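Please read the structure below before turning to the comments.
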Amino acid sequence: MKFKILDLFCGAGGFSWGVHKNRNFTTVIALDYNARAADTFKRNMPAATVIVGDITFPDVKRRVVAESKSQGVNMIIGGPPCQGFSLKGKKLGLADPRNFLFREYLNIVDELQPEVFIIENVKALLSTSAGWFKQEIVNTIAEMGYFVEYGVINASDFGVPQARERAIFICSRSRHITLPRPVGKQTTVRDAISDLAYLNSGEGDETQTYRTEPQSDYQKTMRDGSIELYNHVASKHKPIAIEKLKLIPPEKGKEFLPPEMVGRQKFKTTWGRLVWDEQSPTIDTRFDAASTGRNNHPELHRSITPREAARIQSFDDSFRFFGSKVYIRQQIGNAVPPLMAKAIADQIYSFYKS
């Protein structure tokens with residue numbers, strides 16, 4: 001069976017890029033309200049019809065549904081935001097106006113009746129209000145006539161060099177599909193970015209040639225099909241930030257700073273360096289700031305670059321991000337890790353190929 005996908009809330013395209021690694025899956029329609037993220041999606045996956053718009057607008061929704069029907073969509077993927085999933089919102093649940101994006105997602109599922117759909121979301125969704133919202137979502141999906149399997153999976157169990165836990169719902173009209181199980185050995189920060197350890201603060205170009213040979217199988221995989229290196233540009237830190245980083249030994253953190261240099265940051269991970277032979281913590285949208293978390297290079301005096309963050313998210317080097325620095329870091333930090341998405345696609349296909 002071949003799957004033709006509608007990717008809702010698609011962002012830069014990590015989810016679609018990952019499922020495409022299984023040749024039985026192709027995203028044909030993608031939607032996001034963020035024009036810059038949609039531009040990155042379109043440039044990397046030009047065969048897809050990419051729609052920029054708000055899913056709550058009737059004309060946008062009509063176009064998405066019409067295009068999906070015309071192109072034979074039989075699978076939907078996406079991670080609808082869930083601002084209203086709090087104790088205060090429990091009374092209304094999916095009828096809470098703050099959860100309109102979740103409702104819109106499920107309404108489109110109900111209209112298109114795909115064979116499969118996947119919901120990806122924050123881990124906390126499953127436990128908020130003692131699991132009440134999770135159960136409401138599960139019940140709603142079941143009422144629509146779908147089998148549903150849900151749980152938390154960690155990207156690090158699927159070759160992603162990052163500890164990133166996400167809630168996943170796999171829903172099928174015809175069969176019960178279990179979540180993918182961990183595969184292979186874990187990938188480390190060293191496996192991911194050791195070949196890129198040559199830029200200092202403020203150095204690098206949006207497009208450049210590789211300076212080193214790959215130093216791990218993961219790096220060889222990430223470089224496959226890429227002639228040039230994109231987005232490997234180091235943040236230009238203030239002199240005081242570089243001075244602080246010089247006081248922090250390789251793989252260590254702010255415990256090596258004198259009290260007067262720590263600042264007002266309360267969290268243990270601020271000013272922290274990544275550890276070579278461990279997984280990275282979750283990449284967020286501020287990975288380019290030296291002070292906001294464990295975002296700094298294991299030994300160089302700078303935060304990680306967008307390309308290093310993309311490697312830690314498991315984007316191939318051939319995937320290029322477009323836009324200004326702030327938009328690129330948002331695209332990378334908000335993305336579904338492609339190798340995690342691939343594992344989900346492989347699992348789904350294993351239940352259909354027979």
Side-chain angles (χ1 to χ4, degrees), residues 3-20 25-45 48-65 67-68 71 73 75-85 94 96-112 114 116-125 133 137 140-141 150 155 164 166-171 282-285 313 315 319 321-323 327-338 340-341 344-345:
F3 292 93
K4 293 185 177 181
I5 297 169
L6 164 62
D7 188 344
L8 297 173
F9 314 99
C10 66
F15 211 156
S16 285
W17 188 260
V19 299
H20 286 183
F25 296 78
T26 305
T27 295
V28 293
I29 311 286
L31 170 70
D32 204 277
Y33 77 97
N34 186 315
R36 295 174 180 87
D39 179 55
T40 290
F41 188 111
K42 182 65 176 178
R43 293 200 197 198
N44 285 282
M45 290 168 277
T49 298
V50 181
I51 300 171
V52 179
D54 188 325
I55 195 173
T56 65
F57 289 5
D59 58 332
V60 173
K61 188 156 52 176
R62 280 194 294 269
R63 183 184 172 195
V64 168
V65 170
E67 292 270 9
S68 296
Q71 297 205 43
V73 163
M75 179 173 174
I76 300 176
I77 62 177
C82 51
Q83 303 96 320
F85 291 144
L94 292 184
D96 188 321
R98 292 171 297 171
N99 294 326
F100 62 93
L101 295 177
F102 227 104
R103 285 157 44 210
E104 295 291 358
Y105 181 99
L106 292 175
N107 286 343
I108 287 182
V109 168
D110 202 32
E111 190 158 357
L112 292 178
V116 175
F117 69 95
I118 306 168
I119 297 172
E120 177 268 349
N121 222 288
V122 295
K123 174 186 175 183
L125 176 66
F133 286 105
I137 291 167
T140 302
I141 293 169
Y150 64 89
R164 189 185 190 97
R166 302 296 286 180
I168 301 293
F169 296 76
I170 299 180
C171 312
T282 300
I283 293 291
D284 61 20
T285 60
Q313 277 277 56
F315 279 96
F319 192 103
F321 296 87
F322 294 89
Y327 297 118
I328 287 175
R329 76 188 190 206
Q330 288 173 356
Q331 291 170 27
I332 295 171
N334 288 331
V336 175
M340 186 176 81
I344 295 170

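This structure is a prediction, so every number in the text was calculated from the model and none was measured.
- Remark: R164 pairs with no residue by the salt bridge (charged side-chain N to carboxylate O under 4.0 Å, His left out) rule, at least two apart or across chains.
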Step-by-step ring-ring contact (aromatic ring centres under 6.0 Å, His included) determination, W17 to F315: CA-CA 8 Å; W17 188 260; F315 279 96; 7.5 Å; no
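- A167 pairs by the side-chain contact (heavy atoms from CB on, under 4.5 Å) definition with L126, not counting sequence neighbours.
- With sequence neighbours excluded, the residues forming a side-chain hydrogen bond (donor to acceptor under 3.5 Å, both in side chains) with Q71 are T49, listed by chain and number.
- Applying the side-chain contact (heavy atoms from CB on, under 4.5 Å) criterion to K42, with sequence neighbours excluded, gives V50.
- Enclosure of atom CZ in F9 by more than 12 non-hydrogen atoms of other residues, nucleotides or ligands within 6.0 angstrom is indicated.
- Remark: Y105 pairs with no residue by the ring-ring contact (aromatic ring centres under 6.0 Å, His included) rule, at least two apart or across chains.
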Worked check of side chain to side chain contact (heavy atoms under 4.5 Å, CB included) between Y150 and I119: CA-CA 9 Å; Y150 64 89; I119 297 172; over 6 Å; no
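- A 6.0 Å sphere centred on NZ of K123 holds no more than 12 heavy atoms belonging to other residues, nucleotides or ligands.
- Results of the side-chain contact (heavy atoms from CB on, under 4.5 Å) test with N334 over N34, I283, T285 single out T285 as the only residue that passes.
- Taking every heavy atom of both residues into account, G323 and I328 meet most closely at O-CD1, 3.2 Å.
- Screening residues 328-338 for salt bridge (Lys or Arg N to Asp or Glu O under 4.0 Å) gives D288-R329 as the qualifying pairs, with residues at least two apart or on separate chains.
- Checked against salt bridge (charged side-chain N to carboxylate O under 4.0 Å, His left out), E67 has the following partners two or more places apart in sequence or in another chain: R63.
- Proximity of a side-chain donor or acceptor of N44 to a complementary backbone N or O of T40 within less than 3.5 Å is detected.
- Between the side chain of E120 and the backbone N or O of G78 there is no donor-acceptor pair closer than 3.5 Å.
- Cation-pi geometry between R43 and F322 is satisfied (NZ or CZ under 6.0 Å from the ring centre, within 45° of the ring normal).
- Shortest non-hydrogen contact noted between D32 and G11 is OD2-N, 2.8 Å.
- For S16, the side-chain hydrogen bond (donor to acceptor under 3.5 Å, both in side chains) test picks out D7, T27, with sequence neighbours left out.
- Partners of D284 according to the salt bridge (charged side-chain N to carboxylate O under 4.0 Å, His left out) rule, which considers only residues two or more places apart in sequence or in another chain, do not exist here.
- With sequence neighbours excluded, the residues forming a side-chain contact (heavy atoms from CB on, under 4.5 Å) with F57 are D54, D59, V60, listed by chain and number.
- The ring-ring contact (aromatic ring centres under 6.0 Å, His included) check on F25 picks up F3, with sequence neighbours excluded.
- Not counting sequence neighbours, the partners of F117 by the ring-ring contact (aromatic ring centres under 6.0 Å, His included) test are Y146.
- Atom CZ of R166 sits in a crowded spot, with more than 12 heavy atoms from other residues, nucleotides or ligands closer than 6.0 Å.
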